[in-house]
Amino acid sequence: MERQVRVRFAPSPTGPLHIGGVRTALYNYLFARRHSGVMILRIEDTDSQRFVPGAEDYIIESLKWLGIEIDEGVGHGGPHGPYRQSERRDIYRKYVKQLLDNDKAYIAFDTPAELEVARNSKPNWQYDSTTRMSMRNSLTMPADEVKQLIENGEKYVVRFLIEPGRDVEVNDLVRGKVIINSSVLDDKVLYKSTDDLPTYHLANIVDDHLMEVSHVIRGEEWLPSAPLHVLLYEAFGWTDTMPQFVHLPLLLKPDGKGKLSKRDGDRLGFPVFPLEWHDPASGAISSGYREKGYLPQAVVNFLALLGWNPGDDTEIMSMDELINKFSFEHCSKAGAKFAYEKGKWFNHHYLQEVDDLTLAEKFKPILEQHGVNQANFTDEYIAKAVAMVKGRINFVGDLWEQAAFFFVAPTEYDPKAVKKRWSEEMPRIMTELIDVLKGMPSWKSSEAEPIVLGWIADKGYHLGNVMNAFRLTVVGECKGPHMFDITELMDPAETIRRIEAGINNIKPTE
RNA sequence: GGCGAUUUAGUGUAGAGGCCUAGCACGCCGCCCUCUCACGGCGGAAACCCGGGUUCGAAUCCCGGAUUCGCUACCA
């Protein structure tokens, strides 16, 4: 009988959630939903040194924005709580004691300085079966002395006793069997002396077991310690319910080498965090996908395809479609360079699906920023302007660059366009154009176009030159939607004003 | 250094012995559309890490090497 699928996303609140972490969360979520399972959010705050206030809320808000729903965990409750590791001290103490009582672990008094000396003593020194008997621990010291030291308040850690010479097998759902010999593992610290908390390894195993986690889906950086975790399940006698392991390929720098980092984002100009983050200590601000103008579904779709594919050529997929198609069989094994440019394309795509009125709402604050008085424009006007240019934007923020002329008259004219299109006779022709325009029964594009084009033809003018000069006065440069679509939307009086301004202000080159 | 993982165009990937003269997408280039810039449509350049095997036949299987990445903390 199949176990119920229960997965967990277990970040450390040491700062904003990294985009790689977001992808890990996403894959956990997709897998959980695919199998009608449970998604748990556990906060692994066992490193009191690196704890950052606000990070936990940030994580929760990020997941919410992306549409990654949590069923159980911090901020949601559930039957296996608490879900914050710092609140589970008593639980860990109990299990550490169990290991100690069964001789699966031992107490070690070695100070950081002593360990440093040992590590420098020879090249590949590690605390293991070959060295532990020459260190200061409960294996080498008489029981009463150990007891005495503890009573005296001497600091100590608990180390896992690893037996050498065993091939430990990790069955990974994307990589197959990974075998490593226990001799290369060291006696990992399970319980720290510094903050009275367990290390990741112990807390992780205990919690996954207690929370009945069926699949551990995490980044590849954990693969080397997976054998240790297998050994811990054995030591506790939990092998029958040990979760399946899945180690996801890492997200790499777009250009150079190595893991994607915060610095790459600064350097290359793209966010590496879902939401904007204000560092409480330094006050530094890191940009986020949300604030940059990304739609959550674009980020999700983009991230999903970095290390996974549906098995066919489909690329545009909603969360539901991703859930339906997700499986580890189609996960890749090698790290994926962070293809930021493709992310833009996804956003462009999803932006086209947003209706114009909604887009107009998002555009309003930007108009405000540029000093546009919105009272002068109806929602419908803004929406129509947006509709005409949205095909050429990747972000809502690009709307200003593309559609500003709908709201403000040009204050300068593109010199290259002036040189190419504004000849000596243009002021005269534009004056004629004003008359033609004023004589039109309608500014509707379909009616205005034949009239103006007819006039140009009758006079024998050069179509391209006249139309571009016209465009120059209205837009300020040679770009944008079709002229008659623009003038249909704009206030006719404003169009005339702009042509007049152009006649007065544009000077032919030379 | 040790251990592990990894390897298809610039990038993300499809491909599970003959269907591959290697597909798709982003990006790039060109053409078309056209009053402009875009969008869109069409087209193009561009890849199986290397060397040995196995086989009638290998991107796909085996071996060796190289590459890249990760881990190697009382961090996760």
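Since the structure is predicted, the reported quantities are computational estimates derived from the model, not experimental observations. A, B, ... follow the sequence lines: proteins, then strands. Residue 1 opens every chain.
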Checklist entry - If you check every side-chain atom of A:L252, which of B:U36, B:A76, B:C69 has the closest atom? => result B:C69

Checklist entry - If pairing requires Watson-Crick or G-U wobble contacts with both distances under 3.5 Å, which nucleotide is the partner of B:C3? => result B:G70

Checklist entry - Expressed in angstrom and rounded to an integer, what is the separation of A:Y106 atom OH from B:C74 atom C1'? => result 13 Å

Item to check | Complement of B:C56, any strand, by Watson-Crick or G-U distances under 3.5 angstrom | outcome: B:G18

Next on the checklist: Taking any heavy-atom pair under 4.0 Å as a contact, classify A:G307: base, sugar-phosphate, or nothing.
Outcome noted: sugar-phosphate

Checklist entry - In whole angstroms, how far is the P atom of B:G70 from the NZ atom of A:K259? => result 7 Å

Checklist entry - Between B:G15, B:C74, B:A76, which nucleotide has the shortest distance from any of its atoms to the side chain of A:H330? => result B:G15

Checklist entry - Which part of the nucleic acid, if any, lies within contact of A:T46, taking any heavy atom under 4.0 Å across all strands shown: a base, the sugar-phosphate backbone alone, or nothing? => result sugar-phosphate

Next on the checklist: Over all strands shown, is A:R50 touching base, sugar-phosphate only, or nothing at heavy-atom distances under 4.0 angstrom?
Outcome noted: base

Checklist entry - Yes or no on side-chain hydrogen bond (donor to acceptor under 3.5 Å, both in side chains) for A:D207 and A:Q85, after CA distance, side-chain angles and deciding distance? => result CA-CA 8 Å; A:D207 287 349; A:Q85 291 187 328; 2.8 Å; yes

Checklist entry - Taking a pair as Watson-Crick or G-U wobble with both distances under 3.5 Å, which nucleotide is matched to B:C24? => result B:G12

Checklist entry - Heavy atoms under 4.0 Å, any strand shown: does A:V157 hit a base, just sugar-phosphate, or nothing? => result base

Donor-acceptor contacts, no H, no angles, side chain residues 217-224 of chain A, under 3.5 Å, sequence neighbours left out:
| from | atom 1 | to | atom 2 | distance (Å) |
| --- | --- | --- | --- | --- |
| A:R218 | NH1 | A:H247 | NE2 | 3.0 |
| A:R218 | NH2 | A:Y200 | OH | 3.2 |
| A:R218 | NH2 | A:H229 | ND1 | 3.0 |

